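Okay, so here's the structure we're looking at.
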Amino acid sequence: MIDTVPFVISIFYPPLRNLFIPVFLNCWLAKRALENFVNDLHRAIHRTQSAMFNQLLILISTIVCLIFTFICGVEHLQRAGTKLSVFDSFYFCIVTFSTVGFGDVVPDVWPSKLLVVIMIFVALMVLPIQFEELAYLWMERQKSGGDYSRQRAETEKHVVLCVSSVKIELLMDFLNEFYAHPILQEHYVIILCPGEQDPAVRRVLRIPMWSHRVIYLQGSALKDQDLVRAKLDNAEACFILTCRCEADRNAADHQTILRAWAVKDFAPSCTLFVQILKPENKIHVKFADHIVCEEEFKYAMLALNCICPATSTFITLLVHTSQGLEGQHSPEDWHRIYGKCSGNEVYSIVLKESVFFSEYEGKSFPYASFNAYNKYGICLFGVCPDDTKNILLNPGPQHIMQPLDVCFYISLTKEENSCFKTERPQPPTSSAITSMGTMAIGMQEISIPSSLGPSLSTETNISETRKPYMVPVLELPDSPSYLTGNLFRDQSESPYQPCTGDGYTKGYPPDLPYIGSSPILCHLRKEKAHKCCMQLEKFLSKTCNHKDEEDIKAYGLKNKLIIVSAETTGNGLYNFILPLRASYRPENELCPIVLLLEQKPDAEFLETVCWFPMIYYLHGSIDSLDDLLRCGVSFAANMVVVDKESTMTAKEDYMADAKTIVNVQTLFRMFSGLNIITELTHPANMRFMQFSVKDCHALAFSKLEKKEREKGSNLSFIFRLPFAAGRVFSIGMLDTLLYQCFVKDYMITITRLLLGLETTPKSGFLCSMSITEEDLCIETYGRLYELLSSTVGDIPIGIYRTDSQIFEPPETPQSQISDRGSVFEEGKDPEIQSLRRRSIQWATNLLGPWHAERDAERLSQQRGVLLSCSERQELTELVKKRMKNLGLATHGFDEPNYNQSSHSYALINPSPDTRLELNDIVYIIRKDPVSLKLNDPDNIKNAMRGDSQIREKNTIICE
């Protein structure tokens with residue numbers, strides 16, 4: 001209006017043509033036109049996310065218009081006074097707007113001064129509003145995470161992590177495991193989460209290590225626009241994780257299912273990794289490339305811990321990426337060997353491309369396994385034949401290695417990253433693979449009895465009188481003798497003798513609890529049990545009219561109980577029972593299973609498990625001592641405490657395990673001989689398991705854990721005694737299994753086979769054997785490997801070892817005060833006693849504070865032993881009295897052991913020269929018994945002959 005109206009008037013009234021018209025004010029019209037043009041452009045290209053750009057454009061154009069108006073106005077009005085050039089006007093404008101005000105250029109006429117005042121007021125009113133809008137949009141963009149540009153997505157590799165909420169522990173586990181692989185260092189991680197960033201997460205993402213590789217986007221996987229922001233269609237993979245802290249785990253699974261559907265609908269070609277909590281929900285995400293069901297793995301590992309100690313620790317260490325450097329600076333020997341063995345992982349390679357295994361083409365699997373272990377220190381435990389594409393654990397001597405077979409082995413590093421010379425006829429004495437070089441097993445001369453005939457032949461031509469430095473693996477016929485349960489068992493215990501008909505049958509469970517459950521051959525009852533027979537109270541009180549002699553004998557403590565304390569029944573408990581009732585478990589080793597349930601079991605669950613032998617339940621709680629005693633805890637071998645779903649939603653995250661920890665501590669104090677296996681929600685709470693304030697060893701391990709964490713170790717918790725012994729487990733530790741599948745797509749299948757969650761024809765299974773005094777003549781783990789692989793076809797993969805310390809129990813308080821008391825009592829003369837007392841004081845002063853500290857520590861430990869003994873005696877009397885009140889017998893109650901302190905740990909693929917110790921438990925992968933013709937009389941005869949061969953070979957070695 002200011003420009004147009006005077007211009008129109010001057011057309012009809014010539015005297016006004018000399019009037020000055022401020023044409024420079026049209027810049028504001030240009031600003032408006034520019035904004036409209038940009039808005040129209042965005043509408044034309046359907047660009048909706050342009051708020052930040054629009055606000056920035058408005059701010060810049062406003063500043064330019066203010067400066068341009070100020071310059072032109074001052075330059076024009078100063079014509080009536082001291083004339084200013086355009087540059088001087090620009091200089092004056094900048095100095096004025098920046099509030100510097102040098103004063104070297106000033107307006108000297110009142111119109112110019114008035115314009116300066118007006119422009120300052122306009123700038124103070126307009127610019128703060130614009131900056132506020134820009135700051136608000138910037139903060140909102142920071143919360144939402146912005147966008148991942150299409151140009152970056154096309155030139156860079158990235159994966160998308162979809163979660164409902166991001167916890168710092170989950171994020172660090174994912175990042176540490178994902179970026180532990182060298183080939184993933186250039187990948188970017190896009191986190192898509194509907195919630196705002198947690199302050200702890202925000203601090204982590206600002207660390208330079210992660211700030212340029214991790215991008216946080218606030219959004220939902222159910223919205224296509226958010227998936228576009230994450231450029232999911234260009235992503236190499238998408239990980240969808242479930243929040244396990246939800247009160248309703250089914251609801252959490254339903255959210256995960258919808259996210260998986262949305263991702264698959266948006267990007268069908270994207271590799272999908274899904275984590276599910278409940279096994280019955282797997283059917284809805286069956287299309288995913290890799291699925292990990294939390295309850296399946298959790299219950300299977302807890303079950304195997306009862307028969308193969310520390311299976312959860314073994315699997316956890318196996319699925320974590322580590323260099324095996326943990327504990328190497330510890331003064332404890334077991335810390336160093338345990339930390340080194342924890343660096344072993346599973347790798348794969350095609351046989352014809354491998355230097356390790358290519359020389360064994362055409363040889364049997366046990367032969368290749370032992371010789372590769374003997375030369376390179378690696379454990380070949382599985383293979384994927386090219387013709388079947390199924391992973392087989394220890395297929396046995398029947399499998400002949402082919403060029404296209406994929407070999408799975410356990411090693412500290414994969415073959416591609418190892419360095420060794422291939423032109424030498426024997427392996428090097430130093431190798432980057434295991435840092436232990438060539439381990440030749442120096443065995444005594446072994447003469448092969450001629451009575452064995454052609455059934456015992458070797459892969460290489462060696463004579464009977466030759467003394468080889470490394471004994472080759474012997475080829476045995478395909479007979480059931482490979483299934484020997486004990487290496488030196490008696491023939492009368494052979495499981496291949498004809499069945500008498502009094503035992504259980506073998507078959508597939510007739511009632512599967514959910515769709516997608518793998519059919520596994522199990523020990524089953526000939527007739528399903530009545531529900532009243534499964535209720536422990538009715539069974540013991542003999543109020544049930546259905547009598548089963550086999551069950552009565554079984555509950556007569558022929559084998560000790562396995563008690564499971566859970567809140568409710570569910571399909572997860574089915575996966576607990578399944579590995580314990582698998583057909584390859586010896587029938588005489590089946591242990592009764594008692595379910596201690598806080599809520600009454602569902603009829604559907606009882607209908608499913610009623611076909612399994614020796615399954616009982618009791619309605620009660622772990623909080624009640626009476627319920628524990630009624631379910632037989634005083635005579636049980638193992639007590640499994642499952643984390644309660646109702647406690648997972650505590651206001652303070654780490655308090656979710658409070659009730660479970662206190663209950664387990666009570667059990668530990670009352671029943672010290674009971675093996676308690678506990679599941680926790682948070683791995684950090686493991687330090688409170690079997691907690692003792694005065695335990696010096698636990699304090700030292702805590703310091704070691706802190707040091708390992710400061711060094712950046714992903715496995716700082718492995719030195720906690722409950723975890724090392726396999727007595728505590730957290731499902732969060734298995735999250736890395738899903739992450740590893742991005743690089744090792746076979747890990748989920750191998751883990752399921754090890755846990756017995758699925759079976760493949762001709763694939764072996766995980767079991768264990770104990771080292772007895774008769775087996776100590778084998779001496780080393782390498783010799784045991786050779787003996788097992790060459791005779792029964794078993795493949796050992798690790799050792800569970802228990803180191804014990806024996807303390808003499810205190811008799812009287814006086815004997816525990818100090819060793820110096822006996823010195824004073826030796827002499828009867830008071831002068832001699834006084835002289836000795838002065839000499840001891842002189843020696844004490846000479847030794848200084850070290851001696852005093854040592855004495856003080858010893859006295860403190862002795863007092864603690866006395867107090868602990870008295871406390872345990874009181875608890876023992878309390879338990880016995882309570883058992884008498886309940887009418888339970890106490891003659892078989894285990895007395896607490898005062899004089900023994902021990903720690904246990906698992907060694908994955910130890911070195912061949914590792915000495916075997918008494919009561920060592922060796923993890924073994926045994927070949928599939930189903931693949932053999934058990935009903936063939938010739939096979940039964942060969943089995944018995946194979947047993948005699950084993951005993952003869954062992955006798956020769958020991959001699």
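This is a predicted model, so every value here is computed, not measured.
Using modelled atom types, one side-chain atom of Y923 and one backbone atom of P309 make a donor-acceptor pair closer than 3.5 Å. Formation of a donor-acceptor pair under 3.5 Å by the R229 side chain with backbone atoms of Q218 is found in this model. Using modelled atom types, no side-chain atom of D405 and backbone atom of L351 make a donor-acceptor pair closer than 3.5 Å. Between the side chain of E236 and the backbone N or O of V159, no donor-acceptor pair lies under 3.5 Å. One N or O on the side chain of S354 and one on the backbone of F357 form a donor-acceptor pair closer than 3.5 Å. Of the possible polar contacts, one joining the Y338 side chain to the I718 backbone as a donor-acceptor pair under 3.5 Å is found. Checked by atom type and distance alone, the side chain of S730 pairs as donor or acceptor with a backbone atom of T681 at under 3.5 Å. The main-chain N or O of V319 is found under 3.5 Å from a side-chain atom of T736 such that the two form a donor-acceptor pair. K762 places no side-chain N or O within 3.5 Å of a backbone atom of L392 that could act as its donor or acceptor partner. No donor-acceptor pair under 3.5 Å is formed between the side chain of S763 and the backbone N or O of T759.
With rounding to the nearest 0.5 angstrom, the CE atom of M733 is 9.5 Å from the CG atom of L317. Expressed to the nearest 0.5 Å, how far CG of L907 lies from OG1 of T313 amounts to 11.5 Å. Note that CZ of R581 is 14.5 Å distant from CG of L521, once rounded to the nearest 0.5 Å. Going from atom CD of E177 over to atom OH of Y739 covers 9.0 Å, rounded to the nearest 0.5 Å. Taking CG of D657 as the reference point, atom OG1 of T678 lies at 10.0 Å (rounded to 0.5 Å). One finds the OH atom of Y299 at 10.0 Å from the CD atom of E294 (value rounded to the nearest 0.5 Å).
In this structure, Y347 has its ring center at least 6.0 angstrom away from the ring center of F408.
Annotation: side chain of I748 is not in contact with side chain of I291 (no heavy-atom distance under 4.5 Å). Y584 places none of its side-chain heavy atoms less than 4.5 Å from the side chain of D928. By the 4.5 Å heavy-atom criterion applied to side chains, L580 and R585 are not counted as neighbours. Under the 4.5 Å side-chain criterion, counting only non-hydrogen atoms from C-beta, L258 is in contact with L222. Under the 4.5 Å side-chain criterion, counting only non-hydrogen atoms from C-beta, N250 is in contact with H254. Here the side chains of Q275 and T256 are not in contact, with every heavy-atom distance at 4.5 Å or above. At least one side-chain heavy atom of I925 sits under 4.5 Å from a side-chain heavy atom of L754. The side-chain heavy atoms of I797 and L766, taken from C-beta on, include a pair separated by under 4.5 Å.
Atom CD1 of I515 has 12 or fewer neighbouring heavy atoms from other residues, nucleotides or ligands inside a 6.0 Å radius. Under a cut-off of 6.0 angstrom, the local environment of CD in E186 is sparse, with at most 12 non-hydrogen atoms contributed by other residues, nucleotides or ligands.
With D289 as the fixed residue, the side chain to side chain contact (heavy atoms under 4.5 Å, CB included) test singles out one of T271, D745, V274: T271. Tested against L304 for a side chain to side chain contact (heavy atoms under 4.5 Å, CB included), the candidates C767, P579, S768, S312 yield a single pass: P579. With F174 as the fixed residue, the ring pair (Phe, Tyr, Trp, His ring centres under 6.0 Å) test singles out one of F742, F239, F273: F239.
Between E296 and R752, at least one side-chain N (NZ, or NE/NH1/NH2) sits under 4.0 Å from a carboxylate O, which counts as a salt bridge. Ionic pairing of K278 and E295 is present here: one or more N-O contacts between side-chain nitrogen and carboxylate oxygen are shorter than 4.0 angstrom. A salt bridge does not link E154 to K231: none of the charged side-chain nitrogens sits closer than 4.0 Å to a carboxylate oxygen. Using a 4.0 Å cut-off between a side-chain N of Lys or Arg and a carboxylate O of Asp or Glu, R244 and D735 qualify as a salt bridge.
Minimum interatomic distance between L380 and S369 (heavy atoms only, all atoms of both residues): O-OG, 2.8 Å. D198 and V166 make their closest contact through CB-O, 4.4 Å (heavy atoms, listed as atom of the first residue, atom of the second, distance). Taking each heavy atom of M172 and V204 in turn, the nearest pair found is SD-CG1, 3.6 Å. Nearest heavy atom pair, residue P509 against residue I520, reads CD-O, 3.3 Å. Heavy-atom minimum distance, I349 versus E353: CD1-O, 4.0 Å. Here the shortest heavy-atom pairing between I799 and P910 reads CD1-CG, 3.9 Å.
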Is there a side chain to side chain contact (heavy atoms under 4.5 Å, CB included) between V214 and L175 once you walk through the steps? CA-CA 9 Å; V214 183; L175 295 180; 3.8 Å; yes
Please report the C-alpha distance between F729 and L680 in whole Å, then the side-chain angles of each, then the deciding distance to 0.1 Å, and finally whether the side chain to side chain contact (heavy atoms under 4.5 Å, CB included) criterion is met. CA-CA 6 Å; F729 168 72; L680 297 179; over 6 Å; no
K414 and E345: salt bridge (Lys or Arg N to Asp or Glu O under 4.0 Å), yes or no, with the steps? CA-CA 8 Å; K414 61 181 180 179; E345 299 178 44; over 6 Å; no
Give the C-alpha distance, both sets of side-chain angles, the deciding distance and a yes or no for side chain to side chain contact (heavy atoms under 4.5 Å, CB included) between S411 and C379. CA-CA 7 Å; S411 176; C379 176; over 6 Å; no
Given the rule in the side chain to side chain contact (heavy atoms under 4.5 Å, CB included) test, do L161 and I190 qualify, once you have shown the distances and angles that lead to the verdict? CA-CA 6 Å; L161 176 64; I190 312 298; over 6 Å; no
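Cation-pi check for R213 over Y179 is met; the charged atom lies under 6.0 angstrom from the ring centroid and within 45 degrees of its normal.
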